[in-house]
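Just so we're on the same page: letters track the sequence lines, and every chain starts at 1. Note that these values count all heavy atoms, side chains included, but never hydrogens, waters or copies made by symmetry.
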There are 2 protein chains.
Amino acid sequence: MMDSSVAVSCSNCSVRRLCLPAGLSQADIDRLEQVTRRKKLVKAGETLYRAGDPFSNLYAIRSGSFKTVVIAADGDTQVTHFALPGELLGLDAYSDRVHPSYAEALEDSSVCLLPFTQLEILAHQVQALQQQIYTIFSEELRQENDILMLLGKRSADTRLAALLINISSRYSRRGYSHSKFILSMPRTDIANYLGLTAETVSRLFSRLQREKLIKVSGRAVEIVDLVGLSELAGTHCSYEESH
Amino acid sequence: MMDSSVAVSCSNCSVRRLCLPAGLSQADIDRLEQVTRRKKLVKAGETLYRAGDPFSNLYAIRSGSFKTVVIAADGDTQVTHFALPGELLGLDAYSDRVHPSYAEALEDSSVCLLPFTQLEILAHQVQALQQQIYTIFSEELRQENDILMLLGKRSADTRLAALLINISSRYSRRGYSHSKFILSMPRTDIANYLGLTAETVSRLFSRLQREKLIKVSGRAVEIVDLVGLSELAGTHCSYEESH
DNA sequence: CGTCGATTTGAACATAATCAAGGTTGGTGG
DNA sequence: CCACCAACCTTGATTATGTTCAAATCGACG
């Protein structure tokens with residue numbers, strides 16, 4: 001890990017308000033920084049961790065994006081998450097001390113390493129951090145609920161619409177445009193995530209464009225009719241979850 | 001809450017080894033009991049909490065079973081969980097301080113009330129409890145991954161097979177037969193959970209019986225060919241997660 | 001400019017949804 | 001004890017939706 005000497009500081013991190021430091025006092029952030037000194041660069045297509053790897057760190061995404069994938073006994077795979085900057089990876093490994101999924105960078109990315117044992121000790125001393133960890137766990141659970149909702153809905157167009165709304169709101173939360181963004185993942189990953197085939201996803205992009213809800217050009221997406229898309233998705237465009 | 005005076009003790013609870021006390025010393029359990037004194041009875045069809053209710057307690061199921069359901073903006077519902085004895089309900093409410101789903105008893109049930117604020121304070125003092133809470137959060141996340149896997153798989157028979165295997169292993173963990181059990185939920189709930197219709201689920205039960213993988217009579221299920229069913233489910237029957 | 005992977009599009013097919021009856025089961029009251 | 005009712009479950013016929021297989025096109029990159 002030749003890049004581990006790179007100095008990292010939460011204080012001047014561009015995604016700190018979305019990450020663990022959110023809501024912490026400057027003094028607490030100073031203490032947090034003592035366990036988050038190391039970062040790691042992961043190139044597009046490389047894995048951050050593999051299924052079965054021992055659990056030692058959580059990873060906070062500084063830049064780039066990842067997909068997490070679980071592998072069934074029969075070798076079948078399922079994309080379970082698309083993770084964006086400020087989001088945490090690896091929480092689901094705690095109980096087994098082993099990562100149940102693998103995380104692969106969708107583009108060149110940078111992550112902070114959070115040694116969990118040290119984080120645990122610090123959380124014991126800093127009440128606000130403890131609560132922040134609970135919050136992140138809980139938010140993760142709630143987000144999974146949303147995905148379940150999405151996959152439970154039968155129609156394919158509803159699923160894609162919901163994913164676009166979801167990604168849009170997450171980009172907007174990062175401070176980027178909520179109407180124009182570049183999807184970092186290929187159609188096959190979107191399809192796998194939504195429980196569809198790549199062909200169907202491609203057709204849906206075409207259809208949504210024909211219906212003047214979005215504009216697509218490869219992985220570049222522009223949401224033209226947010227209200228219409230939200231109605232299709234069934235999740236009346238929720239941008240209020242930002243704060 | 002007229003039943004709140006009923007004395008409850010973790011020490012002699014039949015599901016303690018599946019619940020929060022798992023792995024705690026007797027001394028720690030004694031302390032835990034001080035915050036878990038109250039229990040509540042919920043009749044079949046009644047709700048334990050509703051979506052939007054303020055978060056104040058976690059609920060540990062002592063007996064019976066529940067479904068948790070999220071309601072989309074368009075009124076559409078999605079069953080997200082079937083919860084059995086020893087399992088905890090309400091964890092996903094932490095971040096918003098509000099329950100994002102409702103929990104309804106599938107049969108007459110009994111739960112322990114765990115006031116989260118008190119639990120949090122105690123966890124701060126008892127390291128083992130703190131870790132147990134992390135573990136439960138993390139297990140919950142991992143379980144959600146399994147469900148995603150399940151919904152992502154295209155074929156309906158695979159989904160039902162996977163659910164049966166999952167429920168079977170959970171019953172076995174409780175000490176009950178893993179080959180014979182009574183499903184406490186109606187077909188419509190199974191269908192909603194699996195992203196199918198009740199008719200399809202009914203046909204699938206018939207088909208799995210015709211193929212000699214199971215025997216069904218209403219809600220009573222017997223798994224005849226566990227290996228065959230596991231192969232269909234794709235999750236090579238995992239009973240090793242018990243300990 | 002050529003190559004390879006990713007994407008789009010088309011046509012035939014499969015799977016599960018929908019619509020529509022029947023058939024069970026358990027609880028209630030005569 | 002039996003009749004009745006209301007949920008719940010099963011089964012069949014038809015239809016809709018998404019998959020599969022196949023081929024053409026696009027686009028990044030050497």
- So, does A:Q78 use its side chain to make a donor-acceptor pair with the main chain of A:N192 at under 3.5 Å? yes
- Query: If you look at every strand shown and take non-hydrogen atoms under 4.0 Å, does A:R219 touch a base, only sugar-phosphate, or nothing?
  - Reply: sugar-phosphate
- Note on the structure: Rounded to the nearest 0.5 Å, the CG atom of A:N145 sits from the CG atom of B:D92 at a distance of 5.5 Å
- State, to the nearest 10°, the angle formed by the axis through the first five base pairs of the helix from C:dC1-D:dG30 to C:dG30-D:dC1 and the axis through its last five. 40°
- Could you tell me from which nucleotide to which nucleotide of DNA chain C, 5' to 3', there is an atom under 4.0 Å from chain B heavy atoms? C:dA16 to C:dC19
- Return the orientation label for the B:H99 and B:Y49 ring planes: parallel under 30°, perpendicular over 60°, tilted otherwise. parallel
- Item | Side-chain (A:T36) to main-chain (A:L114) donor-acceptor, under 3.5 angstrom | no
- For A:L151 and D:dG18, give me the distance from atom CG to atom C1', rounded to whole Å. 15 Å
- A:E199 atom CD is separated from D:dT19 atom C1', nearest whole Å, by 8 Å
- Task: List the steps and the verdict of salt bridge (charged side-chain N to carboxylate O under 4.0 Å, His left out) for B:D96 and A:R142.
- Result: CA-CA 9 Å; B:D96 280 356; A:R142 211 164 41 76; 3.5 Å; yes
- Query: Starting at CZ of A:F205 and ending at P of D:dC26, how long is that distance when rounded to a whole Å?
  - Reply: 19 Å
- Distance from A:Y102 atom OH to A:K67 atom NZ, nearest 0.5 Å? 4.5 Å
- Query: More 5' along DNA chain C: A:R203 or B:S217, using each one's nearest nucleotide?
  - Reply: A:R203
- Between B:R187 (CZ) and D:dT11 (P), how many Å, whole number? 10 Å
- Atom CG of B:L183 and atom P of D:dC8: how far apart are they, to the nearest Å? 15 Å
- Task: Any chance you could lay out the ring-ring contact (aromatic ring centres under 6.0 Å, His included) test for A:Y193 and A:F82, step after step, and finish with the verdict?
- Result: CA-CA 9 Å; A:Y193 179 76; A:F82 294 120; 4.8 Å; yes
- Go through the structure and list residues passing side chain to side chain contact (heavy atoms under 4.5 Å, CB included) with A:L194, not counting sequence neighbours. A:L150, A:R159, A:L160, A:L163, A:I190, A:L196
- Item | Touch class at under 4.0 angstrom, heavy-atom based, for B:G195 against every strand present | sugar-phosphate
- For the atom pair CZ (B:R170) and CZ (B:R173), what is the distance rounded to the nearest 0.5 Å? 9.5 Å
- 5′-ward residue of the pair B:S206/A:L196 relative to DNA chain D: B:S206
